[in-house]
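The structure appears right after this line, and notes come after that.
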Protein chains: 2
Amino acid sequence: MGLTKTEIFTDEQNQLATLLKAMAHPARIAILQRILISNTCICGDLVEELGLAQATISQHLKELKNAEIIQGTIEGVSICYCINPKTWKLLEKQLGAFLAEYKGETSCC
Amino acid sequence: MGLTKTEIFTDEQNQLATLLKAMAHPARIAILQRILISNTCICGDLVEELGLAQATISQHLKELKNAEIIQGTIEGVSICYCINPKTWKLLEKQLGAFLAEYKGETSCC
DNA sequence: GCTTTATATCGCAATATTACGATGTTTCTA
DNA sequence: TAGAAACATCGTAATATTGCGATATAAAGC
């Protein structure tokens, strides 16, 4: 086991779960926040700002890139990362719809 | 290792990561959607509706409960689960603010 | 071409997650 | 009070994640 049964769920459920999973780590949230603040992309600054090893940061960036939440382009010696607008919009739409489904506390538990 | 370095991050970052992690599984998204649709709580119906074993569903419910995203009350023999309004509102606020930080594609990568 | 700088990848150890059968626990009913 | 129904918990196997040191790779400048 230890393997999620993706066949059982809808594509939307799997997609949203994948996106959430990619963000579900404090380091990756911190990375995204840094990108959002600087608007313009950042790179190895992260290693200094967060207290994690270069290999670890690189790995987190890779996961965000795999989920297509961020994208990177070579900028000389370093690499410039920024938000992938397409995925971000998708996320806003999917998550927004999901969260909005809750209609207040119409008595229950 | 295999242990997240929570000391390094802010409480907000850790909290948001924990909430996202609790939702970052297709089964748990499916469970939440069912609760949102039925508004009124559900229980063992999930075992039939999703194709997972009772023990597995119970475990997923426990994780959602630990994250305080849902809450359950004893309803005779079965248990009634529903959204925890407080956490849901917190989630809407935190996630909303996070997602809204992105200001379009002001040229970068 | 060699060196420096900036990232990526590999390999590993520690720990976490996912799924499930088996077994406990609690509550209602006969 | 014994039995059934509905969940929860335990134990376990398979796999995934986290973090890092060491090493590889790529671009720029000399």
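All chains are named by letter (A, B, ...) in the order of the sequence lines, taking the proteins before the strands, and each is independently numbered beginning at 1.
One finds no side-chain N or O of His60(B) lying less than 4.0 angstrom from the OP1 or OP2 phosphate oxygen of dT17(C). Residue Thr56(B) places at least one side-chain N or O closer than 4.0 Å to OP1 or OP2 of dC20(C).
A straight line from CG of Leu52(A) to P of dT17(D) spans 17 Å, rounded to a whole angstrom. Taking atom CD1 of Ile57(B) as the reference point, atom P of dA8(D) lies 11 Å away to the nearest angstrom. Computed from coordinates, the Asn14(B) CG to dT18(D) P distance equals 13 Å when rounded to whole Å. One can place CD of Gln59(A) at 10 Å from C1' of dC10(C), the figure rounded to the nearest angstrom. The NZ atom of Lys21(A) sits 16 Å away from the P atom of dA16(C) (whole-angstrom rounding). Between the P atom of dA8(C) and the NZ atom of Lys65(A) lies a distance of 5 Å, rounded to the nearest Å. With rounding to whole Å, His25(B) atom NE2 is found 11 Å from dA16(D) atom C1'. Leu50(A) has its CG atom 14 Å from the C1' atom of dG19(D), to the nearest Å.
Ser38(A) places a side-chain N or O within 3.5 Å of a backbone atom of Arg34(A) that can act as its donor or acceptor partner. Listed for the Thr18(B) side chain is a donor-acceptor partner under 3.5 Å among the backbone atoms of Asn14(B).
With rounding to the nearest 0.5 angstrom, the CG atom of Leu32(A) is 5.0 Å from the CG atom of Leu64(A). With values rounded to the nearest 0.5 angstrom, Leu46(A) atom CG is found 5.5 Å from Ile57(A) atom CD1.
Side-chain proximity of Leu3(B) to dA8(C), dT9(D), dA16(C): nearest is dA16(C). With dA19(C), dA8(D), dA6(C) as the candidates, the nucleotide lying closest to the side chain of Thr4(A) is dA19(C). Checked against dT7(C), dC7(D), dA16(C), the side chain of Ile79(B) finds its nearest nucleotide in dC7(D). Taking the side chain of Ile74(B) as heavy atoms from C-beta on, and the options dA8(D), dA16(D), dT27(C), the nearest nucleotide is dT27(C).
Here Ala53(B) lies in heavy-atom contact (under 4.0 Å) with sugar-phosphate atoms only. Backbone-only engagement by Ser78(A) is indicated by non-hydrogen atom pairs under 4.0 Å involving sugar-phosphate atoms exclusively. Residue-level contact check: Gln54(A) touches the bases, meaning some heavy atom is under 4.0 Å from a base atom.
Residue-environment remark: CD (Glu68(B)) stays at or below the threshold of 12 foreign heavy atoms within 6.0 Å.
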